[in-house]
Each structure stands twice: as structure tokens, then as C-alpha cells.
Amino acid sequence: MRNKDWTLVFFTSLSQLSVGVVLCFTWLVYVENDARFFMEMGLSLKNPVFLALFAIGLATVISFSHLGNPSNAPKSMNNLTESWVSREILALAVYSTSLLIAFVLGWKNWNVEYLSYLLALSSVFGLAFLWMMIRIYVIPTIPPWNSWYTALSFISTTVCLGLITILFLHYIEFANVGCVTCYARFIEAQTGKTLIVSLTLIVLIEIISGFYRQSQLERMNTGIDELALNKGAFHQVFIARMVMLILALLILSVFLLKPTLLAENDHFIWIYPLLALLIAQELTGRLLFYSSYFRIGV
Amino acid sequence: MTRLAFYFDSSSCSGCKTCQMACKDKNDLAIGQVWRRVYEVTGGGWKKQGEAWKQDVFAYNLSMSCNHCEDPICVKVCPTHALWKREDGIVQIDQTSCIGCKYCSWVCPYGALQYNPEKGVMGKCDLCADYIDQGKNPSCVDACPMRALDFGDYQELLDKYGASDHIYPLPDHSITGPSLCIKAHPNANKPYPEVSNIEEVKIA
């Protein structure tokens, strides 16, 4: 791990959380027509649109600390014809602007009928932004990143963080009004089930691809850098991430198989460790991604 | 169209690192900045055959800087266009436009781009473009006591030396098309070579 790469861990994770929240919320708005009226739409982190805007804003601020000379940042869109970094920054600007407009419309209750269209547009810009972020890391001279895993990793982080955040926001709404029964009903309802099943599938995909990826890295010739990716700190962090994912999978299994039992016994506080585990494992996964860097040549 | 390039004779290089020092001196580089590096490649060992010990130990050196590639990956990825290519093929950096994102240093397979923490920008070999514009040679070429380095048009160097081998630990030249002609050391084709001064070249 080189110095200052922590900023990239947080920049990419927060950006992907933002896009994931927008994608999941847009999906909810289209599946459940009253979703936007149920969710908080004001100036609060309980508002999914504001949360996504806050996350992308924070990610942007953090990204500046990665730069050695941030005063030149306005020039970073000079190479749109060739550089994926330039394109990513343009996509980030467009995505953030569309999200800001969607937030203001919802917050001020202006032209609310257009909100769902604007959310759909933000989702499209968010997906474009995610694609640019993936392309930055698919580089022929960096074998561990130049693979399908980079795309799968970034997409699964986006969906995983988006799903758990939306699930958590639903929980907060129910907890605020003290309606445990409502929560049980939500978990049993089609939307709740779909959210949990999707999250379970994503966690399963992350476990399977994580183990597969590790076995791939162990077989790679790391050239003159002579990195050891199958022992030492790298391997221990990988094992820690897998343990977190398996624990999250166990909690999700209880949600899936015994939702009523959990709600009736007031045990739905399990959403907190689930949220903490999933955020921690995503940050760990991104740390492992950057730590796996080596390039061909000298 | 001119395509300026370096020539390096690995069979003549003694590994004295005068080229490295000449580059540091000319460009006034601080500790940790080495735009030309000398890699020491070693391999082989001793084996007992009957009552005798036989050795197949070998070593050679490789002096490497920016290769001013024909298809420079650093120029492609730079978001600010701080990296650009002159008409004579020299890849240059405009430090007043660099944001110090270090993306170019991630991708260059020759380790040519180096971050200057004091200035917050990247730096690299520019083939002593100012000297070339004055009709002089790059400082490393003139400094080499073994005359293992030369520079000139890529095609003319190929015609003059007839060399284009790309030896360990260099990557496949088809990736970026380096403007580099190498005369390989006779030991460069031996099995299991490794860079023995890796800490020196990475931290120097």
C-alpha cells in the first residue's frame, strides 16, 4: 500500500455507495410508486437522495487530498479524448449536478412529478460514472487490475452498499415511529424480500469471487517486485474480509428464514452489525484491491 | 519523421552508474529522484557434479530511463495533457499543468515517471531536450565512460548498431513501442535472472 492510497479507498467506496443508493432508490420508486412519499425527502441523511449527494460530495473533497498539486485540478478535464480520468471527472460533475437538482426538487416539493424521471437520469449518469471508474483501473501494464474482477468488484460494491443503505434507511423510518409490526410486514413484503435476497446474492458473489480472485493472485508472477500475496499481512486481511462476509451472510440468512421471529422479539437491531460488517468488508476489499498493485516491467 | 531514441550496449556496461549521477546532476534531482536507473541483473549458482563444483553464475547491467515510447501510455492516461510528445518523439512533461495524481507512474512499465513530493508534481527524463535543441548530446550519453549509451533517430540507431533486443526485466516492447535499441549482454538469455539491486533502484 503506497502512501495516500487510503484517499482512493475512501473516494471509490463513497462514490460507489452514492451510485448504489441512487440505483436502489430509483428501483424502489419505480417498483413501489409511493416509495418517495414514504422516505424522508428533506435536508437529512435519512433522505436517500441527500445521503447520495453528501457521499459524492465527501468523496470529491477526499479525492483532492490524493493530488500533489490540487491547484491544477480545473485542468483535469483537458484530455477527454483519451484519458479515462478526465472522463470520470466529467461524469462525476454531471452525476452530482443531476443529483443536486433531484434533491432540491424533492426537498422544496417543486415539480415532484418529475422527480422519478430525474432519479432515473441520475441513475444513468451514475452508471456512466461507475463505468469510467472501472475503466481507469483496467490497464494492460497492471495484470492484477486488468481483469474482469475489477468490474465485478466495483459493481458488487455499488450494489452491496446501495442495498444495505436503503435497507437501513427503511429500518430507521420504522424505528422512529416505533412500528415493529410495520418492520415485520416490510421484511415479509415483496420489496423487503427482494432487497434481502438481492443483498444475500451479492454477498455470496463477493465470497465466491473473493476466493477465486485470491487463488488467481497467488498464481501471478509479480515480476521484480516479488510480492507475496498468499502469505503475510495481505493474506490475513483477505481472511478477515472473508470472515466478515460469511458473518454477514449468516445474519442475512436469519433475516430471510425467520423475519417474523426477529421482529416480534425486537431483535431487528441486527441491522447495525450487518451494516457495520458490510461497510468494513467493502473498505477492506478496496484496500486489498489497491494493495494487489504491481505492474509489468521495471 | 524523426523519432529520437536511446541506444544501450548491455555487453559494455560496467554498472558504474555515472549515467545516473550525470542525470541527477544535470537536472538537480533531490534524494529519491533518479530519472536514469541502473539495474543489476544476476542469476545462476554453484552445483556439485561428482567431486567437482561447477558454476553458472552470471550478471549484467541495464541502464534505463524514459524510453520516449512510440505509443506512450503515460500521455494517454494523463488527465491534464501535462504529458505530451514533441515532433521529434521526445515525451515531455509540463509541470505547471501536472496535478500530481501519479496515474502515469502507475502505468509506465519502465518506471520513468517519478513523483517529486516537494513540488507535488511528476518528473521524468526529457532526453535533455534543452541540450538537443543546442546541438549537444544528453548528459548521460556524454558521461558514460564505457560508451555504452548513444542517442539519435531510432531507425538510424538500428541501422548503425543492428540491435533491438528487449531483455529481462523489460516488458514486451509491443505494449508501448519504446524508442530503445539494446545490444544484449551474452548472458541475457540465461534462465532465472533476477534484479539484485531492487531496493537501490526503488529508493535511491
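What you see is a predicted model, and the numbers here were worked out from it, not measured in a lab. Below, chains carry the letters A, B, ... as their sequence lines are ordered, and counting in each starts from 1.
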task: For the pair B:Lys124 (side chain) and B:Leu83 (backbone), establish whether a donor and an acceptor sit closer than 3.5 Å, ignoring hydrogens and angles.
output: no
- prompt: Is there a donor-acceptor pair under 3.5 Å between the side chain of A:Arg87 and the backbone N or O of A:Asn79?
  reply: no
task: List in chain and number order the residues that pass salt bridge (charged side-chain N to carboxylate O under 4.0 Å, His left out) with B:Lys160, two or more places apart in sequence or in another chain; answer none if no residue qualifies.
output: B:Asp150
message: Which residues pass the salt bridge (charged side-chain N to carboxylate O under 4.0 Å, His left out) test with B:Asp133, not counting sequence neighbours?
response: B:Arg86
- request: Assert yes or no for the condition that the ring centre distance of A:Trp6 to A:Tyr290 is strictly below 6.0 Å.
  value: no
field: A:Arg286 charged N/C atom sitting above A:Phe154 aromatic ring, 6.0 Å / 45°
entry: yes
query: Can you check side chain to side chain donor-acceptor pair (under 3.5 Å) on A:Thr157 and A:Glu282, steps first, answer last?
result: CA-CA 6 Å; A:Thr157 298; A:Glu282 285 301 344; 2.7 Å; yes
- request: Quick one: which of A:Ile142, A:Ile139, A:Ile89 has the most heavy-atom pairs under 4.5 Å with chain B, could you say?
  value: A:Ile139
task: For chain B, find which of A:Val298, A:Val85, A:Asn78, A:Thr141 contributes the most heavy-atom pairs closer than 4.5 angstrom.
output: A:Val298
- prompt: Which is it for A:Arg213 and A:Ser292 under the side chain to side chain donor-acceptor pair (under 3.5 Å) test, yes or no, and what are the steps along the way?
  reply: CA-CA 11 Å; A:Arg213 157 80 166 169; A:Ser292 71; 3.2 Å; yes
At a heavy-atom separation under 4.5 Å, does [X] approach chain A through its side chain, its backbone, both, or neither?
X        : result
B:Glu118 : neither
B:Ile175 : side chain
B:Val107 : both
B:Ser196 : neither
B:Cys98  : backbone

Exceeds 12 heavy-atom contacts within 6.0 angstrom, atom CZ of A:Phe54: no
message: With a sphere of 6.0 Å drawn around CD of B:Glu87, does it hold more than 12 non-hydrogen atoms of other residues, nucleotides or ligands?
response: no
message: Counting only non-hydrogen atoms closer than 4.5 Å, can you tell me which residues of residues 5-18 of chain B sit against chain A?
response: none
query: Any residues in residues 58-74 of chain B near chain A, with a heavy-atom distance under 4.5 Å, and which are they?
result: B:Met64, B:Ile73
query: Between A:Leu80 and chain B, which part of the residue has a heavy atom less than 4.5 Å away: side chain, backbone, both or neither?
result: neither
message: Can you tell me which portion of A:Ile296 sits under 4.5 Å from chain B's heavy atoms? Options are side chain, backbone, both or neither.
response: both
Testing the 3.5 Å rule here: is there a donor-acceptor pair between the side chains of [X] and [Y]?
X        : Y        : value
A:Tyr95  : A:Ser18  : yes
A:Ser65  : A:Thr7   : no
A:Gln281 : A:Arg241 : yes

- prompt: Between A:Tyr293 and A:Tyr137, is a side chain to side chain donor-acceptor pair (under 3.5 Å) present by the stated rule, with each step listed?
  reply: CA-CA 10 Å; A:Tyr293 167 89; A:Tyr137 295 94; over 6 Å; no
message: Only pairs of heavy atoms separated by less than 4.5 Å count here; which of B:Gly111, B:Ser97, B:Ala82 has the most with chain A?
response: B:Ser97
message: Tell me which of these, B:Asp172, B:Val75, B:Val121, B:Thr96, has more heavy-atom pairs under 4.5 Å with chain A than the rest.
response: B:Thr96
message: Assess the residue pair B:Lys102 and A:Asp5 against the criterion (salt bridge (charged side-chain N to carboxylate O under 4.0 Å, His left out)); give the C-alpha distance rounded to whole Å, side-chain angles, the decisive distance to 0.1 Å, and a yes or no.
response: CA-CA 11 Å; B:Lys102 305 170 209 80; A:Asp5 277 1; over 6 Å; no
